[in-house]
2 protein chains.
Amino acid sequence: MSYSLTSFSKDTFNTALREKGLRPTKQRACVYGVILGKRDHPTADDIYDRVKRHLPGTSFATVYNCLETLVGCGLVKQVNMDRSPTRYCPNLTPHAHFRCTQSGKIYDVEIDNDTLSLIQALVPEGFEAENLDLSFSGTGKPSNN
Amino acid sequence: MSYSLTSFSKDTFNTALREKGLRPTKQRACVYGVILGKRDHPTADDIYDRVKRHLPGTSFATVYNCLETLVGCGLVKQVNMDRSPTRYCPNLTPHAHFRCTQSGKIYDVEIDNDTLSLIQALVPEGFEAENLDLSFSGTGKPSNN
DNA sequence: AAGCTAAATTGGAATTATTCTAATTCCTGA
DNA sequence: TCAGGAATTAGAATAATTCCAATTTAGCTT
Ligand SMILES: [Mn+2]
Ligand SMILES: [Mn+2]
Ligand SMILES: [Zn+2]
Ligand SMILES: [Zn+2]
């Protein structure tokens, strides 16, 4: 059993990989599955732990390889905050991140289109931004455990 | 000779350190000086190279120690883009960064107050943002060498 | 179905930015 | 001047990530 992706996710997954001439392997499906399954912005190490429950033989190198592939296919995004380990996010809409410095938890923060336009307008003449990263840190929900 | 800080910078430096009960050493002054002297967002390694020209005996550990101190005193800011080495910036105004993926150069991008307010307004109810990071990447000035 | 070939996975070593440690040196202020 | 804390130093340690060479697998072709 590779991993129980919904038929919708499975189709997204297969299509995205085939479009790039890559193989939809069980390891890649599993990595994608665990990221979709708990949207908590896991690190590679977190993902490794979760994948091993389903595919015990999986190596750390494979987790990194799969993550690189999934990012390359646009199925997940990397999230870097300061120099802490890279986290992975399946939310493909443009959004920002908030990290609670107490709990370490990371939350998605929506960006409305008007604000997004204004942010993009900050980029000076002659520069072409392909990518933007916006993140906040501070104290999160008071006693949300 | 520690480093030729302007009398204005020297005063800022001495005051900021003394306020925290820390000593304005020649290594700290030199690290601060080279960051002010060429505002190109140098890495710790860049800074080490430049500091050694003025104070040849300086160690790498000291550069890191000084940088941590200067950041702690609010004299310089850390700039992290993806997982590349941390860079340091003496521009204390709220501003964003643009990294040219071709040249690797990093540019300051001003954020006007209106846009800054809208960005801060993205933070949801119940969260308190102490810090915000905004960065762009893409292609920079066409042939600015 | 068997064989072929390129792609993917694997375990372990290598890399690299950064931090830690313990010894030495330096300041400061009594 | 000198005692004691602060800062610096060289080198070891750490940790996330990448690299490597060997093995396995998946998707053809016969
Ligand atoms: Mn773990
Ligand atoms: Mn160098
Ligand atoms: Zn996210
Ligand atoms: Zn800057």
Side-chain angles (χ1 to χ4, degrees), chain A residues 1-3 13-32 34 41-49 51-52 54-73 75-76 78-88 104 106, chain B residues 1-3 13-14 16-34 41-49 51-52 54-73 75-76 78-88 104 106:
Chain A
M1 186 70 41
S2 64
Y3 192 88
F13 172 74
N14 286 331
T15 305
L17 283 164
R18 295 237 177 78
E19 243 164 48
K20 300 245 172 183
L22 300 170
R23 297 175 183 172
T25 64
K26 60 184 193 290
Q27 290 90 345
R28 285 168 177 169
C30 188
V31 168
Y32 185 50
V34 301
H41 300 88
T43 62
D45 189 69
D46 295 332
I47 293 165
Y48 175 66
D49 289 345
V51 164
K52 292 215 104 178
H54 302 277
L55 298 172
T58 308
S59 75
F60 221 131
T62 295
V63 169
Y64 272 104
N65 291 340
C66 291
L67 288 169
E68 185 180 29
T69 300
L70 295 175
V71 169
C73 293
L75 289 168
V76 304
Q78 288 185 314
V79 179
N80 288 293
M81 313 244 344
D82 301 323
R83 298 212 47 85
S84 61
T86 299
R87 292 164 177 278
Y88 295 86
I106 294 190
Chain B
M1 187 70 41
S2 65
Y3 191 88
F13 172 75
N14 286 331
L17 284 163
R18 295 239 178 75
E19 244 164 47
K20 300 243 171 183
L22 300 170
R23 297 176 182 171
T25 65
K26 59 183 192 288
Q27 290 89 344
R28 286 169 176 169
C30 188
V31 167
Y32 185 50
V34 301
H41 300 87
T43 63
D45 189 69
D46 295 332
I47 293 164
Y48 175 65
D49 289 346
V51 165
K52 291 215 105 180
H54 302 276
L55 297 172
T58 308
S59 75
F60 221 130
T62 295
V63 169
Y64 272 105
N65 290 341
C66 291
L67 288 169
E68 185 180 28
T69 300
L70 295 175
V71 169
C73 292
L75 290 169
V76 304
Q78 288 185 314
V79 179
N80 288 293
M81 311 240 354
D82 301 322
R83 302 225 98 247
S84 60
T86 298
R87 291 162 177 277
Y88 296 85
I106 294 189

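All of these numbers come straight from a predicted model, not from anything done at the bench. Below, read A as the first sequence line, B as the second, and so on, with proteins coming before strands; counting in each chain starts at 1.
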Distance in angstrom units between A/N80 CG and C/dT18 P, rounded: 13 Å
Closest contact, heavy atoms only, A/Y48 versus A/S59: CE1-C, 3.8 Å
Interface residues of residues 57-73 of chain B with DNA chain C (non-hydrogen, below 4.0 angstrom): B/A61, B/Y64
Whole-Å gap separating C1' (C/dA17) and CG (B/D45): 10 Å
All side chain to side chain contact (heavy atoms under 4.5 Å, CB included) counterparts of A/S84, not counting sequence neighbours: A/M81, A/R99
A/R28 side chain to A/R23 backbone, donor-acceptor under 3.5 Å: yes
Below 4.0 Å: OP1/OP2 of C/dT9 and any side-chain N or O of A/T25: yes
Flag, side chain of A/K52 to backbone of A/I47, donor-acceptor distance under 3.5 Å: no
pair A/V34-A/H54: side-chain heavy atoms closer than 4.5 Å: yes
Atom-pair distance (NZ on B/K20; C1' on D/dA7), nearest Å: 18 Å
Comparing B/R28 and B/R83 on DNA chain D - which has the more 5′ nearest nucleotide: B/R28
B/R83 vs A/R83 side-chain heavy atoms within contact, under 4.5 Å: yes
Check: B/N65 main-chain N/O paired with B/T69 side-chain donor or acceptor under 3.5 Å: yes
Annotated protein contacts, base or backbone, on nucleotides 23-30 of chain C with a non-hydrogen cut-off under 4.0 Å, one of B, S, - each: ----BS--
Interatomic distance where OH belongs to A/Y48 and C1' belongs to C/dT9 [whole Å]: 13 Å
Between P of C/dG11 and CG of A/L55, the distance in whole Å: 13 Å
Nearest non-hydrogen partners of B/A44 and B/Y88, listed with the distance: N-CE1, 4.2 Å
Expected output: side-chain A/K26 to main-chain A/L55 donor-acceptor under 3.5 Å: no
Sugar-phosphate only, base, or nothing, as touched by A/T86 at under 4.0 Å among non-hydrogen atoms: sugar-phosphate
Integer-rounded Å distance: D/dA6 C1' and B/L17 CG: 13 Å
